[in-house]
There are 2 protein chains.
Amino acid sequence: MNILQTLRIHDIFSFLNSILGLGAILAASNGEAEASAALVILAAIADGADGLVARRIGPGLLGEDLDSLADVISFGVAPAFLAVTNLDMGWNGWIFGGLYLICGSIRLARFNISQKNDKFFEGFPIPAAGILLVAIILFGVPNITIFAILSLSILMISTIHYPKIRDSKLSILLGVFLFVISYLLLTQYSNHRNVFSANIILLAVNLIYLSSPVVIRFLRTEK
Amino acid sequence: MNILQTLRIHDIFSFLNSILGLGAILAASNGEAEASAALVILAAIADGADGLVARRIGPGLLGEDLDSLADVISFGVAPAFLAVTNLDMGWNGWIFGGLYLICGSIRLARFNISQKNDKFFEGFPIPAAGILLVAIILFGVPNITIFAILSLSILMISTIHYPKIRDSKLSILLGVFLFVISYLLLTQYSNHRNVFSANIILLAVNLIYLSSPVVIRFLRTEK
């Protein structure tokens, strides 16, 4: 089977996602944490674009697998690597990074075998976990990073239902928001105040999503 | 669905494979190319053990996906990262690493959707490509590394049939051989002659496998 003929136009976003993930790891290894975080966020935009097009024209034969493989690189390996190099704990850091990576892989494998539901994800999605983790790493407080790794690992493999953002306009708005944040991280890395502000906003938006299942349950009980 | 209950005993080898892959990236970022190569080889042993047990007791619900996700880390990202950091070409290096990663991902995605055949793989398997690439990187000749990246990328997405090693005894023998090589790389990194010899043997064995389709075709024509 000539495999290249089975590729679809949106698979290019999966490839872009993978390459941005590799770039994030390379930036982190050069000590450029802000650039690494920005590349993880750009990878999430590519991932979103992939999903948006795939839902319109169909995923294609390889689409779902290519998407998972790219996700484990950009939102699994890259944040884990950035965490380990920033925790500076030697072998202990490796254990925390490994735990996050394993839980992220379980989350992706479960998604592939689970019956798709249009309304919610089961467990915290790995792109959101990756973005949240790199945002927290940028604050540079090791204990909070470890707490985030442990919490996100558990949330990813949990059965908590997280709402899917399926509205095209909202997806595009979110993409623009993420692009602005990554632009600020890439260009303003010498201006700590701007980077700090951008990071706080990113963290706030992500924490709203993280806590959304509680809010949804509360609203349902109120009715 | 409680996802942890669906895990099988051999999935632990997939997790080990992922963690060794993360370790290989960390070692490479510390400039320890021999240790990085050794960890990629150890990941291949974990991958082999995973396959050996999975064939006996069945892959389980998540087995195949977890296996692919681990493979893209250890034999995709890790060798690509080691190549880019050793090529020292800046952005150009990123392009070569990215190409290898994309072709490796296509190879893994195709394997997941293809009808399984007990006798052969379609395209050069990514664990073999990963080991061959790190062995070549250790020789430290950038042009040969680039040639290897281009060749392996094409071979992985090719339709060439590569024999599967299904014999348990041969698999275990190969595992022991790889373990000895990785042990030499990890412990003898200060002894360049020993590392060079280990690497030459690793390269020779891998090149025999690489050229096996030609030999098999030649033998068939002879009959």
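- Proximity of A/L101 to B/F15: side-chain heavy atoms (C-beta onward) are nowhere separated by under 4.5 Å.
- Most heavy-atom pairs under 4.5 Å with chain B, from the set A/L69, A/N30, A/L108: that is A/L69.
- With rounding to the nearest 0.5 angstrom, the CD1 atom of B/I106 is 10.5 Å from the OG atom of A/S14.
- Looking at heavy atoms from C-beta onward, B/D65 lies in side-chain contact with A/D65 at the 4.5 angstrom threshold.
- The shortest side-chain heavy-atom distance between A/I73 and B/I73 does not fall under the 4.5 Å cut-off.
- The number of heavy-atom neighbours closer than 6.0 Å to CG of B/L150, taken from other residues, nucleotides and ligands shown, is above 12.
- For A/L186, the CG atom is densely surrounded, since the number of other residues' heavy atoms within 6.0 Å is greater than 12.
- With a 4.5 Å cut-off on non-hydrogen atoms, A/L7 touches chain B through its side chain but not through its backbone.
- More than 12 heavy atoms of other shown residues, nucleotides or ligands fall within 6.0 angstrom of atom CG in B/L99.
- Crowding of B/F139 atom CZ: a count of heavy atoms from other residues, nucleotides or ligands under 6.0 Å exceeding 12.
- Contacts with chain A were tallied for B/S29, B/S68, B/A109, B/A28; B/A109 has the most, counting heavy-atom pairs under 4.5 Å.
- One distance of note links OG1 of B/T85 with CG of A/L26; it measures 7.5 Å at 0.5 Å rounding.
- Taking CG of A/L22 as the start and CH2 of B/W94 as the end, the distance is 7.5 Å to the nearest 0.5 Å.
- Around the CD1 atom of B/I57, the shell of radius 6.0 Å holds more than 12 heavy atoms that belong to other residues, nucleotides or ligands.
- For the atom pair CG (A/N17) and OG (B/S105), the distance works out to 10.0 Å, reported to the nearest 0.5 Å.
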Derivation of the side-chain contact (heavy atoms from CB on, under 4.5 Å) call for A/V77 and B/V72: CA-CA 10 Å; A/V77 183; B/V72 83; over 6 Å; no
